[in-house]
Amino acid sequence: MQDIVMDRDWLDVGGVEEIPLRGTRVIATKSGPVAVFRTTDNRIFATRDRCPHKNGPLSQGIVHGTRVTCPLHGWTIDLATGEAIAPDRGCVPTIPTQVVDGRILLHVTQSGR
Amino acid sequence: MNMIHTREKLVVIGNGMAGMRTVEEILKRNAPRFQVTVFGAEPHVNYDRIMLSSVLAGEKEVGDTIINSLAWYGDNGIRLFAGDPIVAIDRQAKTVTSESGRIESYDRLLLATGSRPIVPPIAGLNLPGICAFRDIADVDQMITASTQHRRAVVIGGGLLGLEAANGLMKRGMSVAVVHLMDTLMERQLDKIAGGLLQRELDERGLNFFMNGQTEEILGTDRVEGVRLADGREIPGDLVCMAIGIRPNVDLAKKADLEINRGVVVGDDMRTSDPNIFAVGECAEHRGLTYGLVAPLYEMAKVCADHLALEETATSGYAGSILSTKLKVTGIDLFSAGNFNGGEDCSELTFNDTGRRVYKKVVLRDGHIEGVVLYGEVTDGGWYLDLLRKKEDVTPFKDGLLFGQAVVAAMGQVKPASVDDLPADYQICGCNGVCKSTILDTIAAKSLSTLEEVRAHTKASASCGSCTGLVESLLKSALGDGFQKAAPAGMCKCTSLSHEEVRRRIKDERLMNIPAVMAALGWSQADGCSSCRPALNFYLICAWPGEYQDDAQSRFINERAAANIQKDGTFSVIPRMWGGVTSAKELRAIADVVDNHGIPTVKVTGGQRIDMLGVPKDRLPAVWRDLNAAGLVSGHAYGKALRTVKTCVGSEWCRFGTQDSTAMGIALEKMTWGSWHPHKVKLAVSGCPRNCAEATIKDFGVVAVESGWELHVGGNGGIKVRATDFLCKVETDAEVLEYCGAFLQLYREEARYLDRTAPWLERVGLDYVKARIVVDAESRKALYVRFLYSQQFFQNDPWAENSKQEAPNSEFALLATVDA
Ligand code: SRM
Ligand SMILES: Cc1cc2nc3c(=O)[nH]c(=O)nc-3n(C[C@H](O)[C@H](O)[C@H](O)COP(=O)(O)OP(=O)(O)OC[C@H]3O[C@@H](n4cnc5c(N)ncnc54)[C@H](O)[C@@H]3O)c2cc1C
Ligand code: SF4
Ligand code: FES
């Protein structure tokens with residue numbers, strides 16, 4: 001089992017069930033909106049809500065596998081790495097998440113690699 | 001050499017594939033030698049008969065089949081008499097006589113008269129509605145019949161019969177296939193592969209009558225069906241005979257040439273008269289006649305050698321080993337050689353019943369004697385090559401069935417590479433195009449796509465089975481510059497086409513997206529952003545009453561019932577029925593704009609008002625206020641019914657002939673809320689001045705004194721397309737019925753993201769007319785299905801969304817954090 005690190009940097013932002021399967025919800029933060037994604041297999045990912053192409057809201061895209069397709073011009077982003085899928089190139093900052101007892105924890109100070 | 005001596009006269013009888021190929025080969029070798037004269041029974045230039053199957057199936061046009069245009073004949077000094085068959089050969093006088101009475105003398109004569117369809121000796125053959133499947137006239141007859149009639153019977157379950165049946169089915173007919181044997185294509189497939197094929201075609205909707213001997217064609221003024229020897233009767237308004245072909249030897253027989261089944265030729269393609277040659281399906285060589293083009297092209301080369309280089313030619317034709325492919329999109333099968341084996345043969349078989357993949361290789365004395373592949377055919381060419389070379393396969397027998405890649409991995413053969421093929425290796429059997437020709441053309445013309453290579457060389461343009469090889473050549477020539485053509489499948493998650501997916505959703509009663517993906521073997525568990533919205537629509541359309549819409553498979557605009565803008569805010573467009581509004585509505589809109597601080601208000605091109613720049617979390621509140629004033633969603637965001645534009649019409653306009661505004665409103669009330677493969681726009685104009693621009697709409701109505709003209713398949717956009725005229729109707733009720741039926745046909749049959757225009761161009765106006773105008777029953781049924789579906793979808797999504805302003809809705813933030 002994975003060790004769960006609890007410190008004051010991990011913030012409880014809501015329950016897994018509050019995000020639809022293959023869906024996304026948005027969290028407002030001081031440094032801008034964060035998109036929180038839930039995949040078919042119940043994994044949770046978070047990225048800045050800003051497409052590397054032209055800042056489109058990734059939270060409004062279609063989630064498939066561990067990817068999201070941006071609604072504005074169709075770039076597809078890998079949720080785990082934040083990288084755009086070739087041939088497009090670019091990267092959105094990702095934010096570490098973990099799920100404890102059905103609650104989503106977000107690492108707030110580490111706003112991406 | 002004396003350049004002005006008169007040229008020898010070559011007369012060619014038959015303007016078909018073998019004859020003209022021989023002429024092409026002669027031109028390459030020694031063009032000045034002959035003055036060539038060609039007589040053809042058909043009133044056409046030389047065309048690719050193979051492609052008639054694709055023409056019938058609606059995948060190609062007749063124009064695409066032309067091999068040599070009229071200009072080619074002219075440029076090469078060839079005299080062509082098309083539509084004027086030869087009726088007699090006088091070998092003593094060395095002349096031929098044509099039907100129109102033209103007498104032409106020859107030094108050399110080439111017989112290339114092809115074959116005739118076999119006609120069984122049964123009663124009723126003279127009724128209208130019976131055809132064969134051999135030439136353009138037959139295809140024309142079938143296409144016309146498919147627009148006027150519903151049911152077809154195809155007699156013969158061989159290659160040709162199945163391609164005919166498939167084409168007729170694709171043109172909307174219900175098709176029965178009668179086959180004498182208990183296995184389809186028994187000359188090319190064994191029982192297991194034939195069974196798999198039958199199952200697949202059966203699932204696609206063909207009806208099979210196996211072990212069926214046709215005894216009589218029924219009907220009085222026109223065919224009405226067929227009766228089989230065992231008493232079964234099958235209704236049909238078209239009967240297509242495809243039971244086989246027989247070499248066309250009438251002329252040769254009258255001229256007393258040596259005949260057996262075909263015109264007997266030697267290895268140099270000469271008949272029993274040394275001045276007369278024969279090539280193609282009419283020729284019989286070493287006791288065999290052929291019915292595929294690859295051997296005919298080999299014959300053409302040898303024949304050209306002996307005609308053009310007579311004195312020095314040494315080549316000889318030694319017979320051909322054939323391979324087969326069925327040109328039915330999505331069905332992969334391959335067979336070659338003697339695949340039924342025999343006493344001294346052994347067999348290797350592989351049968352994956354789940355995936356429906358079957359392979360059989362027949363071995364004799366360590367080499368391959370025959371092969372049948374179903375479902376997975378990539379190694380067909382490799383087996384054929386081993387078979388032709390009689391290579392000893394014993395060292396890698398264990399891996400043989402798994403294909404060349406596995407055998408290569410075992411270290412037994414060199415990995416497959418087109419680079420290893422010799423320059424003169426024939427890549428495309430149908431068109432006789434060899435490797436060096438393709439590579440030279442790619443280089444000379446800087447080609448970079450498969451389509452271009454097809455256009456310039458014809459390689460893979462006919463039956464398509466060498467497409468993979470041509471692609472590999474292109475890839476090896478271009479290196480990194482190569483981009484593979486999009487797969488024929490719906491998206492990268494499946495190789496099934498849109499049509500196949502839709503059919504199986506219905507046939508297998510698949511009721512939700514995961515079920516579709518599981519049953520049809522999707523390669524990615526969740527699909528992708530292109531197939532999910534398509535599947536969601538197909539399910540809505542197939543099961544309007546049952547299907548649970550999947551919001552997560554919809555594009556954001558549809559999910560949020562508003563259009564996303566470049567800054568992530570949304571625009572809101574309420575419906576304005578037929579473009580008519582009122583002070584009350586305008587006041588409500590003004591209030592909403594003020595109360596919610598909406599930055600921009602604009603009149604749209606669709607006769608309504610757009611409020612732009614609403615943040616997503618404000619949408620529910622905006623909608624609630626609009627709803628309160630009776631305004632509902634305008635679906636400006638949807639692959640759905642958008643607007644119905646109208647003009648003022650007879651209520652006000654001095655030219656108006658009918659109340660176009662009221663008609664527009666009635667149409668919008670009937671159609672709003674309907675989901676479609678793409679957006680759909682309607683318009684109604686009150687007279688032919690057409691102020692509502694009805695003739696660039698998906699469904700346009702133009703009023704005239706005596707009723708309404710209906711127009712379909714128009715759009716504005718990048719590629720403007722004016723509508724086609726569908727028909728004229730008299731009553732308002734008819735306008736509604738035709739509109740509902742047309743939209744339902746489009747909903748049921750178009751591919752997702754096709755607007756009506758490209759769909760209409762693909763299926764053809766005749767087809768749409770047949771379903772909507774000619775066949776009243778079909779129109780009524782479509783209309784009923786449209787109305788049935790509308791019961792479930794005429795709900796204002798704004799009302800629903802603003803009701804559930806729950807904290808967890810799509811529109812609310814999950815959390816606000818102070819970091
Ligand atoms: C708002 C509006 C422009 C305006 O301010 O007038 C508009 C706005 C857009 N149009 Fe349009 N079209 C608007 C009337 C039209 C018209 C005029 C008409 O309907 O008579 C046409 C030409 C007629 C037609 O559709 O054939 C039109 C042809 C297009 C096309 C090209 C369609 C085609 O088949 O080629 C697109 C691109 C597409 O859909 O793929 C398009 C796409 C769009 C999109 C959805 C572009 C996008 O992807 O974001 C725009 C949405 C903006 C938004 O947020 O609302 N819009 N668009 C009009 C809304 C009408 C309405 O009341 O619903
Ligand atoms: C629908 C269809 C699909 C096919 N698919 C394939 C396939 O996928 N692969 C494959 O290898 N083969 C296929 N074939 C077979 C292939 O088309 C034939 O093998 C090939 O066309 C035969 O060439 P040919 O020149 O011998 O005969 P044809 O092409 O038939 O040419 C003979 C010509 O001679 C004319 N003629 C006859 N008598 C006279 C006369 N007295 N005077 C003047 N002209 C005369 C005929 O009208 C005809 O135009 C298909 C055939 C059909 C009908
Ligand atoms: S279409 Fe005819 S009736 Fe309608 S506004 Fe134009 S001129 Fe008047
Ligand atoms: S902003 Fe995301 S694809 Fe353009």
Side-chain angles (χ1 to χ4, degrees), chain A residues 8-31 33-41 46 49-51 54-76 85 87 95 104 106-111, chain B residues 480 483-484 491-493 512-514 517-518 522-536 548-570 615-617 619 637 753 804 806-819:
Chain A
R8 60 193 171 76
D9 288 339
W10 288 99
L11 263 189
D12 181 337
V13 292
V16 171
E17 303 297 324
E18 291 172 53
I19 308 179
L21 267 184
R22 297 179 292 281
T24 313
R25 296 286 300 280
V26 181
I27 297 174
T29 74
K30 279 186 177 156
S31 45
V34 166
V36 188
F37 305 88
R38 178 177 172 199
T39 63
T40 310
D41 53 0
D49 195 10
R50 210 170 61 213
C51 176
K54 290 196 172 169
N55 296 331
L58 294 174
S59 57
Q60 309 302 309
I62 289 182
V63 179
H64 47 103
T66 51
R67 294 172 173 185
V68 66
T69 298
C70 176
L72 291 199
H73 317 96
W75 281 31
T76 296
I85 304 299
I95 297 144
I104 301 168
L106 203 69
H107 199 276
V108 279
T109 53
Q110 227 180 301
S111 62
Chain B
D480 287 345
Q483 287 202 334
K484 197 170 161 40
C491 68
K492 59 187 188 308
C493 309
N512 56 55
I513 292 179
M517 292 183 174
W522 239 243
S523 68
Q524 310 191 59
D526 282 351
C528 67
S529 54
S530 39
C531 58
R532 286 241 305 275
L535 291 179
N536 195 55
Q548 250 336 104
D549 200 297
D550 178 25
Q552 301 309 325
S553 293
R554 283 188 180 267
F555 184 68
I556 178 62
N557 287 1
E558 291 185 356
R559 205 164 72 222
N563 294 62
I564 196 162
Q565 305 295 314
K566 61 188 252 188
D567 62 355
T569 64
F570 288 79
K616 191 175 182 190
D617 57 359
L619 286 172
Y637 45 79
L753 294 190
Q804 40 141 333
N808 277 343
S809 88
E810 157 114 15
F811 303 95
L813 289 173
L814 177 63
T816 303
V817 305
D818 196 20

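Chain naming here is simple, since letters A, B, ... match the order of the sequence lines and numbering starts at 1 in each.
Only the side chain of D550(B) comes within less than 4.5 Å of a heavy atom of chain A; its backbone N, CA, C and O stay farther away. If you measure heavy-atom distances from R559(B) to chain A, the contacts under 4.5 Å come from the side chain alone. Only the backbone of L21(A) comes within contact range of chain B, judged by heavy atoms closer than 4.5 Å.
Put simply, OG on S553(B) and CZ on R22(A) are 6.0 Å apart, with the number rounded to the nearest 0.5 Å. Atom CD1 of I62(A) sits about 11.0 Å away from atom CG of D526(B), to the nearest 0.5 Å. Remark: Q60(A) CD to N557(B) CG distance equals 10.0 Å, nearest 0.5 Å. Separation of atoms NE2 (H64(A)) and SG (C528(B)) is listed at 6.5 Å; rounding is to 0.5 Å. Here OG of S59(A) is found 7.5 Å from CD1 of I556(B). Values are rounded to the nearest 0.5 Å.
Annotation for A28(A) and L813(B): closest pair CB-CD1, 3.9 Å, computed over non-hydrogen atoms. The two atoms that bring P57(A) and G568(B) nearest to each other are CG-CA, 4.0 Å, heavy atoms only. The two atoms that bring Q552(B) and P20(A) nearest to each other are NE2-CG, 3.3 Å, heavy atoms only. In this structure, L814(B) and V13(A) approach most closely via the heavy-atom pair CG-O, 3.6 Å.
Under the 3.5 Å distance criterion, the side-chain polar atoms of R532(B) are matched with a main-chain donor or acceptor of V63(A).
When each of G14(A), G23(A), G56(A), P33(A) is scored by its heavy-atom pairs under 4.5 Å with chain B, the top score falls to G23(A).
Between T40(A) and P514(B) there is no side-chain heavy-atom pair separated by less than 4.5 Å.
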